[in-house]
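Down below is the structure, laid out as structure tokens.
Proteins get letters first, then strands, A, B, ... in listed order; numbering begins at 1 in each.
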2 protein chains.
Amino acid sequence: MDKDLESMKITLDVVCGKWKAMILLKLNNGTLRFGGEIKKSIPLINHQTLIKQLRELEEDGLITKKSYPVVPPWVEYSLTDYGKEIQPLLNQMVEWGEMHLDKDKTPPS
Amino acid sequence: MDKDLESMKITLDVVCGKWKAMILLKLNNGTLRFGGEIKKSIPLINHQTLIKQLRELEEDGLITKKSYPVVPPWVEYSLTDYGKEIQPLLNQMVEWGEMHLDKDKTPPS
DNA sequence: AAAAGTAGTATATTTATTTATACTAAGGAG
DNA sequence: CTCCTTAGTATAAATAAATATACTACTTTT
């Protein structure tokens, strides 16, 4: 596997999968609380799946977590500076998807 | 799920997954033959997985297939004009991956 | 007392994706 | 004849990912 493919693979691992890119996209707008905000803005995601994705994104340094020791728990997630660097890529993914949606489904003969 | 997330999902479906982006990246350089070229340039991909991914990319209009009726079979795949439009996104994925590779693994404290 | 509220854990199950193995077609080489 | 070649199929098995369900902790509200 050559260098480009290796690099591509890294990106696929970190931002692809079914949910990570969506989570990062939502965090572009600022800090979000776990349940009330992230979970509701991505309604189809499962509770544990979300937790797992968040933990992995945290391990990869893209997001940070801030827990307030209150009851009931209050936990916020936000992009790190590093995580913000992926924003252009995410935007381009959204743009391409829009374009693909608009495209006529009739194949170009 | 809002419009941005929907669009994002389209992109994830079409180019993410474990291999599609890599296949498209390889096809950026021009037409490739199935076994001798694609399979060897992405050595870890499995035979049927490759066939399946290629078929899906074809169905989505990103690539075309040209079969020559010779024995043994000779089949070529190439990007459609539409498929070429995804090139900037792929390049950005490669760039981000490179950057992430180079990044120190020490977390930003 | 009992219930509600929230982030997270534990476990088991389902679903999706990838892989391994063996097979087909059709002609050329030996 | 038999074997080799290549794209593709068929089937089953293995792996990975996502999900459902139930649970914990701790305080406030009822």
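The environment of K20(B) atom NZ is dense: over 12 non-hydrogen atoms of other residues, nucleotides or ligands sit within 6.0 angstrom. When the shell of 6.0 Å around NZ of K9(B) is examined, it contains 12 or fewer heavy atoms from other residues, nucleotides or ligands.
Considering only side-chain atoms of F34(A), the nucleotide from dG8(C), dT6(C), dT19(C) that sits closest is dG8(C). Side-chain proximity of V75(A) to dT6(C), dG8(C), dT6(D): nearest is dG8(C).
The side chain of T49(B) contributes no N or O atom lying less than 4.0 Å from OP1 or OP2 of dT18(C). Taking side-chain N and O atoms only, R55(B) has no distance below 4.0 Å to OP1 or OP2 of dG8(D).
Per the geometry, CD1 belonging to I51(B) stands 6 Å off P belonging to dG8(D), to the nearest Å. Rounding to whole angstrom units, CH2 of residue W74(A) and C1' of dA25(D) are separated by 19 Å. Atoms CG (L12(A)) and C1' (dA16(D)) sit 16 Å apart, rounded to a whole Å. Atom CG in N46(A) sits about 17 Å away from atom P in dT11(C), given to the nearest Å. Protein atom NZ of K9(B) is 11 Å distant from nucleotide atom P of dA18(D), rounded to whole Å. The separation between Y68(B) atom OH and dA7(D) atom P is 13 Å, rounded to whole Å. Taking atom CG on L32(A) and atom P on dT6(C), their separation rounds to 15 Å, with Å as the unit. Counting to the nearest Å, the P atom of dT19(C) and the NZ atom of K39(B) are 13 Å from each other.
Nucleic acid contact class of Q53(A) (heavy atoms, under 4.0 Å, all strands): sugar-phosphate only.
Judged by atom type and distance alone, Q48(B) reaches the base of dT21(C) through a side-chain donor-acceptor pair under 3.5 Å.
Across all non-hydrogen atoms, the minimal contact from I63(A) to L54(A) is CD1-O, 3.5 Å. Considering every non-hydrogen atom in both L62(B) and W96(A), the closest pair reads CD2-CZ2, 3.9 Å.
The 5' end of DNA chain C is approached more closely, in terms of each residue's nearest nucleotide, by Y77(A) than by the other of K18(A) and Y77(A). Looking at which nucleotide of DNA chain D each of P72(B) and P72(A) is closest to, the 5′-most match is held by P72(B). Take the nearest nucleotide of DNA chain C for V71(A) and for K65(A): the residue whose nucleotide is more 5' is V71(A).
Between the side chain of T80(B) and the backbone N or O of T64(B) there is no donor-acceptor pair closer than 3.5 Å.
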